[in-house]
Amino acid sequence: MEKVEVVVAHSERATLRVGDVFLKVDADQARIDVEVEAMAMAPIPTPEVLWRKPPVLALAALPGTALGRLGEPSTASPAAWAAAGAAVRMLHDAPLPPWPGRSLDEIASDLDGECEWLITNGVLPAELVTRNRQVAEAALRPWTPVFTHGDLQISHVFIDGDEITGVIDWSEASQGDALHDLAILTLGHEEHLGDVVAGYGTDVDLDVIRAWWSLRSLLAVRWLVEHGFDPSSPGCEIDVLRSRL
């Protein structure tokens, strides 16, 4: 008998694994709509959609293992990280999805609100928040939109040896900033940034990638705390913020 494994579960969504099938339960069907359409459009490997019966989406498991986990050393080779960079470049070169992403004004407004909350509630020292807000400013500039994954955590990228076998969790895919994807992929794993950029195959502004590390981490802390995760775990978001001091 197959066991049911809870991959992730919180008030917005849950993902279960039963054998080689992942069952995603999401209260927001628009998010699932985006995921299914984005996977169909993406020019890189994605999970096979087995069936869909709202609010459940069934996906086939990808072969291989995740590139790594935030807060843990990655055992993947430099070649595997470079292959991830090459896959991201292929995605960014693809035709744009028809739906837009978040605007600069929306991101800046959210960032200001989160920084105020972090300081007002004493979650993080004001100096830490202020310094990272300054660093994050470099990401808040106009960009040429590309097809972005939107939440390209290393745990969403699967490898077998040095080859990419697929990318999961496309619910935040949209038109967006290419450097945001590269930043999320390397968040907490700065030592692999050079490998990813080498695989990506073109010059990128490393200061903007570092700015996105700060911005992403500032935006994530409250959500993580409120959904039962710990951003203060070693190597995770708060450590990323501290590394900017």
Side-chain angles (χ1 to χ4, degrees), residues 2-3 5-8 15-24 34-36 38-50 57-94 146-173 176-202 204 206 209 212-213 216 220 229 233-237 239-240:
E2 300 282 7
K3 294 183 179 180
E5 174 191 356
V6 179
V7 179
V8 63
T15 301
L16 310 176
R17 179 169 187 168
V18 185
D20 289 332
V21 177
F22 284 89
L23 302 175
K24 302 190 71 170
V34 166
E35 178 155 15
V36 171
M39 288 192 296
M41 294 179 62
I44 59 178
T46 62
E48 178 189 358
V49 176
L50 300 176
L57 174 66
L59 301 170
L62 290 172
T65 58
L67 185 62
R69 302 281 177 185
L70 183 61
E72 301 175 8
S74 172
T75 59
S77 68
W81 281 88
V88 177
R89 178 62 184 275
M90 188 178 299
L91 175 66
H92 292 170
D93 285 343
V146 300
F147 187 168
T148 58
H149 179 278
D151 190 24
L152 198 62
Q153 303 174 47
I154 55 172
S155 59
H156 293 164
V157 179
F158 278 69
I159 59 169
D160 185 2
D162 296 337
E163 303 294 327
I164 301 298
T165 60
V167 177
I168 65 172
D169 285 2
W170 291 81
S171 62
E172 295 183 39
D177 180 12
L179 299 191
H180 176 263
D181 269 352
L182 294 176
I184 304 310
L185 179 63
T186 54
L187 182 75
H189 289 83
E190 187 169 359
E191 70 278 9
H192 293 294
L193 178 58
D195 299 323
V196 169
V197 171
Y200 194 70
T202 188
V204 298
L206 299 182
I209 289 179
W212 273 118
W213 289 341
R216 165 77 173 207
F229 301 100
S233 297
C236 293
E237 285 80 4
D239 273 356
V240 171

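Note that the structure is a prediction, hence the values are computed from the model and not measured. Along the sequence shown, the residues carry numbers beginning at 1. Heavy-atom basis, side chains included; hydrogens, waters and symmetry copies ignored.
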Heavy atoms, side chains only, cut-off 4.5 Å: are [X] and [Y] in contact?
X    : Y    : value
R17  : D20  : yes
L185 : L67  : yes
I164 : V157 : yes
F229 : V8   : yes
D151 : H149 : yes
I159 : T65  : yes
W213 : L193 : yes
Q153 : L70  : no

Verify, without hydrogens or angle tests, whether H192 (side chain) and S77 (backbone) share a donor-acceptor contact under 3.5 angstrom.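 Checking the backbone N and O of S77 against the side chain of H192, no donor-acceptor pair under 3.5 Å is found.
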Whether the side chain of H92 engages the backbone of L179 through a donor-acceptor N/O pair (distance < 3.5 Å, no angle test) should be reported.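 Side chain of H92 to backbone of L179: no pair is present.
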Interatomic distance, [X] atom [atom1] to [Y] atom [atom2] [nearest 0.5 angstrom]:
X    : Y    : atom1 : atom2 : result
M39  : S171 : CE    : OG    : 9.5 Å
I209 : L187 : CD1   : CG    : 11.5 Å
W170 : L152 : CH2   : CG    : 7.5 Å
H189 : E72  : NE2   : CD    : 8.0 Å
E48  : L62  : CD    : CG    : 10.5 Å
R89  : L182 : CZ    : CG    : 10.0 Å

Identified side chain to side chain contact (heavy atoms under 4.5 Å, CB included) counterpart of P47 within the set V167, I168, V21, L57: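 Exactly one candidate clears the test, I168.
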Measure the acute angle between the ring planes of H180 and W212, then classify it against the limits of 30° and 60° as parallel, tilted or perpendicular.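 Aromatic pair H180/W212 classed perpendicular.
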[X] and [Y]: which non-hydrogen atoms are nearest, and at how many Å?
X    : Y    : answer
G161 : A80  : O-CB, 3.8 Å
V197 : T202 : CG1-O, 4.0 Å
A220 : E237 : CB-CG, 4.2 Å
L91  : A42  : CD1-CB, 4.3 Å
G64  : F158 : O-CD2, 3.9 Å
D162 : A83  : O-CB, 3.4 Å

Run the numbers on L59 and V49 for side chain to side chain contact (heavy atoms under 4.5 Å, CB included), then give the verdict. CA-CA 5 Å; L59 301 170; V49 176; 3.7 Å; yes
Atom CD of E163 with >12 non-hydrogen neighbours under 6.0 angstrom: no
Decide if atom CE of M90 counts as having more than 12 heavy atoms of other residues, nucleotides or ligands within a radius under 6.0 Å. no
Between D169 and E35, does the side chain to side chain contact (heavy atoms under 4.5 Å, CB included) criterion hold? Intermediate values first, please. CA-CA 7 Å; D169 285 2; E35 178 155 15; 4.2 Å; yes
